[in-house]
Amino acid sequence: MSEDSPPKKEVAAVKGTHDILPGEVEKWQALERLARETFELYGYRELRAPVFEATELFEKGTGQTSDVVTKEMYTFTDKGGRSLTLRPEYTPSVARAIIEHRLDLQARPMRFYYMGPMFRYDRPQKGRYRQFHQIDVEVFGEQDPACDAELIGMADHLLRRLGVTDKEILVNSVGCRACRPAYSQALREEAGKRTAELCPDCRRKAETNPLRIFDCKVEACQSAARSFPEIQGFLCAECRDHFTEVLSLLGLYGIPIRVDPKLVRGLDYYTKTTFEFVSSGLGAQSALLGGGRYDDMMKDFGGPDICGNGFAIGMERLLSVVSLPLPERRLLYVAYLGGAAKRTAVELARFFREEGVECLVEFKDRGMKAHFGRANKLEASWVLVVGEDEIRKGRFGLKEMATGRQVEGTREELLGSLRG
RNA sequence: GUGGGUGUAGCUCAACGGUUAGAGCAUCGGACUGUGGAUCCGAAGGUUGGGGGUUCGAUUCCCCUCACUCACCCCA
């Protein structure tokens, strides 16, 4: 009845999300494999939590005043009337899992890692997406500063394995609940005196979270901030000793770092050590990886009083500075001539796959030339030639595409060439 | 949420306000029914993001809108 073609609907991935296509996905697989291998070397084990959680979990864990919670969460109501949220970060989920399964009663410390998508309703830009992927590493129940150093060392190890040379490691201590209030107060007072120099945003931050003024990119604010007191002078004895020991161990590992007193991380729960790996060439979003210690989070959840420590890697950002050699594909293409040979081709493909050879047979009947053209396009390493003569003899031709050399043999004999 | 930049074929890009919007690459077919990359021939592919306006005439100029992108905010 309606002859109007339906209005041309724009089909496109949702803003800030992306498909990862073949050709690109191999890099992701390589990163995932190397990350897994590296973390397992240090005794970390994977812990997988759901993609969404009760909204309340993030309000408590991430902090009700943080931007992530106040304006960046993907929150929805399910059919049972529950308020759920696609996780904007991973740490609260791990904390929840530990409490729920009473993992705190097991031997400590607990070392976990995880990789997967996170969701934040941000305005997308280079290195920042609404669905993005993180590799998360967390240690619970270890207060020794050696743990902080181990995490930084392990992150550095992974980046070295990935061949990331353009990076700098920034480390700082943001103190704890005992000593940070005094520092915040000192900053607040200083900012109060210099209020005329600060941008409106920073005037607000002076009240809510004065440490964040250091993050501001406005030149006037930066130059004002340069004369602000530094946190080192305010750390309590415990925090100072902790920080000194972290730095000392990093020196022992031979990991070059830069102490950056102005490194304040965005999430409110950090205590003592914070760190960030930055790289140029990432645009404005220069942090490849960020983390630190959070001694109070678990307690704040109403869980056991055990400390936490960890970091998150931005996979998109990391991949954009990594140049991994792609694994070489070794594909066998089966070229057959005619309908009878097609059946043999399918059988042969089955045989070779059972023997662990990547093997492709296409179902469109082609001439030999077209088969080879196709094999070439698919970047096959070999072509198996299956025609009437070959079937009669039970011996097939195997051509190595790179060299053009061709051998003949039974399927078992050819297996040797394929594996050699 | 706020600013800037960009939108033409699957991709990379052309077209002074003026014929039927072109090219390269990619795709498909043919030359070519027993051996690849080459070459030649051909085909297909577009509501020039969408809507409105100015004009005899708009891919081109103006406005709005949408998308992408970069930056702010924030963060990995």
Side-chain angles (χ1 to χ4, degrees), chain A residues 5 7-18 21 62 65-73 88-91 115-137 155 199-202 204-205 209 212 215-218 264-268 275-279 282-291 310-321 333 335-338 341 364-390 396-406:
Chain A
S5 53
K8 204 179 201 174
K9 193 174 179 183
E10 182 93 15
V11 321
V14 170
K15 184 198 263 297
T17 70
H18 295 281
L21 302 177
T62 308
T65 60
S66 67
D67 277 34
V68 168
V69 169
T70 55
K71 47 188 199 194
E72 294 174 6
M73 293 208 299
E89 60 155 348
Y90 197 61
T91 308
M115 44 194 89
M118 306 290 156
F119 307 85
R120 289 183 201 169
Y121 190 83
D122 247 351
R123 191 79 180 263
Q125 68 184 76
K126 187 180 176 65
R128 198 182 63 196
Y129 311 103
R130 289 185 172 179
Q131 173 176 333
F132 61 104
H133 298 78
Q134 284 189 340
I135 300 175
D136 258 81
V137 177
C199 71
D201 232 30
C202 284
R204 181 178 50 79
K205 288 184 201 165
N209 192 344
R212 296 272 187 84
D215 271 343
C216 187
K217 283 171 184 163
V218 175
V264 291
R265 303 207 33 78
L267 276 8
D268 296 336
F275 57 91
E276 201 164 276
F277 286 33
V278 298
S279 180
L282 280 177
Q285 311 301 324
S286 62
L288 285 175
L289 170 168
F311 64 83
I313 298 173
M315 294 179 77
E316 282 85 356
R317 292 183 189 177
L318 181 53
L319 283 170
S320 73
V321 298
Y333 180 95
Y336 58 89
L337 286 173
K364 181 179 178 187
D365 203 350
R366 305 173 204 261
M368 214 23 99
K369 204 171 194 79
H371 269 308
F372 271 83
R374 181 69 183 151
N376 216 32
K377 195 123 298 176
L378 293 166
E379 295 180 319
S381 301
W382 305 276
V383 171
L384 184 70
V385 178
V386 183
E388 314 225 326
D389 295 347
E390 285 82 355
F396 307 94
L398 178 69
K399 183 162 186 174
E400 186 175 29
M401 295 299 273
T403 59
R405 267 182 10 138
Q406 185 162 335

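We name chains A, B, ... by the order of the sequence lines, and we start the count at 1 in each one.
rU35(B) is unpaired under the Watson-Crick or G-U wobble criterion, no partner having all donor-acceptor distances under 3.5 Å.
As rounded to whole Å, 14 Å separates atom C1' of rA76(B) from atom CD of Gln131(A). One atom, CG of Leu337(A), and another, P of rU33(B), lie 11 Å apart when rounded to the nearest Å. Counting to the nearest Å, the P atom of rA76(B) and the CD atom of Glu72(A) are 10 Å from each other.
Open room surrounds CD on Glu379(A); 12 or fewer heavy atoms of other groups in view lie less than 6.0 Å from it. The number of heavy-atom neighbours closer than 6.0 Å to CD of Gln406(A), taken from other residues, nucleotides and ligands shown, is above 12.
Nucleic acid contact for Tyr129(A): base, since at least one base atom lies under 4.0 Å from a heavy atom of the residue.
No option in Val278(A), Leu318(A), Ile313(A), Val137(A) other than Ile313(A) meets the side chain to side chain contact (heavy atoms under 4.5 Å, CB included) test with Leu289(A).
In this structure, of rG34(B), rC28(B), rA71(B), it is rA71(B) that holds the atom nearest to the side chain of Ala284(A).
In this model, a side-chain donor or acceptor of Arg123(A) finds a partner on the base of rU2(B) within 3.5 Å.
Applying the 4.0 Å criterion to OP1 and OP2 of rC74(B), one finds that Lys71(A) has every side-chain N and O outside that range. Applying the 4.0 Å criterion to OP1 and OP2 of rA71(B), one finds that Gln125(A) has a side-chain N or O inside that range. Applying the 4.0 Å criterion to OP1 and OP2 of rG36(B), one finds that Lys369(A) has a side-chain N or O inside that range.
Among residues two or more places apart in sequence or in another chain, the salt bridge (charged side-chain N to carboxylate O under 4.0 Å, His left out) test is passed with Arg366(A) by Glu362(A).
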